[in-house]
Amino acid sequence: MSPDVIVVGAGAIGTAIAYQLAKAGVKVMVFERAQVGGGATGASAGMIQINPDRNTPSSVSALEAESARLFPALATELLDRTGMDIGYRAAPLLHLALRDDEEPQLRAHRAWQVEHGVAVAWVDRSAALDLEPMLNPDIHGALYYPDNRQLMPRDLARALARAAVDLGAVLREGAAIDRLLTDGDRVIGVAIGDEAVQAGDVVIANGAWASAWSGALHAPIPVRPVRGQMVALRSTATALRNVVSSLEGYILAKPDGSTYVGTTVEEAGYDARPTAAGIAGLLATVPRLTPRLADATFVSAWAGLRPATSDGLPLLGRLPGWRGVTIAAGHFRAGILLAPITGEVIADLLLRRGPRLHLDAFDPARFLVRAA
Ligand SMILES: Cc1cc2nc3c(=O)[nH]c(=O)nc-3n(C[C@H](O)[C@H](O)[C@H](O)COP(=O)(O)OP(=O)(O)OC[C@H]3O[C@@H](n4cnc5c(N)ncnc54)[C@H](O)[C@@H]3O)c2cc1C
């Protein structure tokens with residue numbers, strides 16, 4: 001039987017959309033060319049942090065705040081429905097000023113974040129060390145974000161997929177979509193080799209690969225891959241109580257007992273392999289930020305491709321010039337945080353429910369306007 005909606009890609013975004021649609025009684029089919037959460041999602045640190053690395057307010061801040069608000073209920077809901085714990089935990093963050101001259105910039109950063117409702121305080125060196133005894137005692141001070149959270153990102157995608165399937169969705173892993181099927185100005189389905197599957201709506205949610213449909217549909221989908229590398233360590237020292245970050249990178253203890261060190265931000269095309277220079281750079285930050293972790297042992301390294309857009313904002317909405325096709329991609333460094341709200345707003349759109357947030361800033365048509 002034909003599904004009502006086809007979702008292309010089973011990362012955090014595609015699975016969140018599939019779950020919300022399945023919950024609303026829509027017949028959904030999800031196509032994933034590898035495994036659930038095997039793209040950027042599985043490579044991610046899983047921090048639930050509003051305004052990561054942003055020096056100025058952005059129109060995505062409100063979306064992030066709303067998504068963060070949705071997480072506690074979603075984590076409980078997924079546990080109840082699937083028995084899967086997504087590792088959603090408190091993860092207060094200390095963003096360090098390693099030198100005195102970093103303080104003014106961090107204080108400015110704090111000022112606009114407070115205006116946007118983020119809980120963040122400036123703490124001096126001794127207060128920072130009280131909060132996190134593992135810190136390098138030579139730091140100058142830190143911004144402290146007490147309300148930040150984290151989770152295990154691949155488990156989030158798996159739990160969303162499982163919950164969607166339990167509600168009747170069909171998940172096809174190892175199924176790469178080759179083409180979108182069209183009829184006039186309408187996208188009517190997808191093709192895998194000789195197999196065609198038709199649906200009333202297709203949702204493009206294949207992350208850094210979303211631009212693949214741009215040529216055939218003659219529509220601008222300016223999503224490109226931006227590589228991020230990560231290292232996992234294991235330590236016998238006491239676990240970090242906080243996420244520790246700085247301009248050089250971040251270190252966090254994960255619910256599975258490992259410690260992640262991230263990350264790079266690199267234009268490396270579709271090459272998702274970690275490199276010697278990338279790993280070396282990450283490992284060098286460990287003794288600088290948390291000297292007591294210098295004896296931690298190396299477990300693994302990996303990289304993922306973040307879906308970045310040319311204006312830094314995600315694409316959420318109908319693809320211009322076409323009926324039957326919606327895009328949800330380009331979440332760059334915040335796709336785990338933004339998964340719950342993306343699932344809800346895309347389901348609202350497809351079900352013609354009133355929008356709960358203004359999505360104009362994320363309208364995929366904005367690139368068409370610029371091109372004109
Ligand atoms: C190192 C690193 C750290 C990060 N840390 C954080 C963080 O702490 N917090 C946060 O919020 N975000 C973080 N991010 C960003 C976050 O991971 C991404 O924004 C998010 O995972 C994007 O999700 P997605 O579902 O759009 O893409 P993906 O997870 O990449 O999923 C897209 C899926 O589509 C599939 N696909 C591609 N083409 C096809 C096709 N033709 N047919 C079928 N399937 C296809 C892929 O196999 C893939 O599984 C991080 C990213 C990286 C790399």
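Nothing here was measured: the structure is a model prediction, and the numbers come from that model. Both backbone and side-chain heavy atoms feed into the values below; hydrogens, waters and symmetry mates do not. Order of listing sets the numbers, starting from 1, for every ligand and every atom in it.
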Atoms of ligand 1 under 4.0 Å from any heavy atom of G11, numbered from 1 in the order shown, are 25 (O), 29 (O), 31 (O)
Test salt bridge (Lys or Arg N to Asp or Glu O under 4.0 Å) applied to R288 and D138, step by step: CA-CA 9 Å; R288 279 204 288 272; D138 293 337; over 6 Å; no
When distances are taken from atom 42 (N) of ligand 1, the protein heavy atom at minimum range is I177 N, 3.0 Å
May I ask you to check whether G335 has an N/O atom sitting below 3.5 Å from an N/O atom of ligand 1? yes
The answer for which part of A157 has a heavy atom under 4.0 Å from ligand 1 is neither
Among Q49, M47, E32, the residue with a heavy atom nearest to atom 48 (C) of ligand 1 is E32
Tell me whether ligand 1 is touched by G262 - counting only heavy atoms on the residue side and a distance under 4.0 Å.
no
For R306, the ligand 1 atoms with a heavy-atom partner under 4.0 Å come out as 51 (C), 52 (C), 53 (C)
Among non-hydrogen protein atoms, atom 6 (C) of ligand 1 lies closest to S44 OG, 3.3 Å
A12 heavy atoms within 4.0 Å reach ligand 1 at atoms 25 (O)
For F298 and V231 the tightest heavy-atom approach is CE1-CG1, 3.8 Å
heavy-atom search around atom 21 (O) of ligand 1 in the protein gives T41 OG1, 2.9 Å
Atom 44 (N) of ligand 1 sits nearest the protein heavy atom R33 N, 3.1 Å
Ligand 1 atoms nearer than 4.0 angstrom to some heavy atom of A43 are 1 (C), 2 (C)
| said: Please verify the inter-ring angle class for W122 with H140; under 30° counts as parallel, over 60° as perpendicular, anything in between as tilted. | reply: tilted
For A334, the ligand 1 atoms with a heavy-atom partner under 4.0 Å come out as 10 (C), 11 (O), 12 (N)
Any chance the side chains of Y19 and E77 put a donor and an acceptor closer than 3.5 Å?
yes
Atom 26 (O) of ligand 1 sits nearest the protein heavy atom I13 CG1, 3.4 Å
query: For D101 and R99, what are the C-alpha separation, side-chain angles and deciding distance, and is it a salt bridge (Lys or Arg N to Asp or Glu O under 4.0 Å)?
result: CA-CA 6 Å; D101 59 5; R99 298 183 318 263; 3.1 Å; yes
Near G39 (heavy-atom distance under 4.0 Å), the atoms of ligand 1 are 29 (O), 30 (O), 49 (O)
The atoms of ligand 1 lying under 4.0 Å from a heavy atom of M230, numbered in the order shown, are 1 (C), 3 (C)
If we number the atoms of ligand 1 from 1 as shown, the ones under 4.0 Å from a heavy atom of T263 are 1 (C)
Just distances here: any N/O of N206 and N/O of ligand 1 closer than 3.5 Å?
-> yes
Check: of Y260, F31, F332, min heavy-atom distance to atom 18 (C) of ligand 1 comes from F332
re atom 10 (C) of ligand 1, the protein heavy-atom contact at minimum distance is R333 O, 3.3 Å
Under 4.0 Å between heavy atoms, the region of Y250 that gets near ligand 1 turns out to be side chain
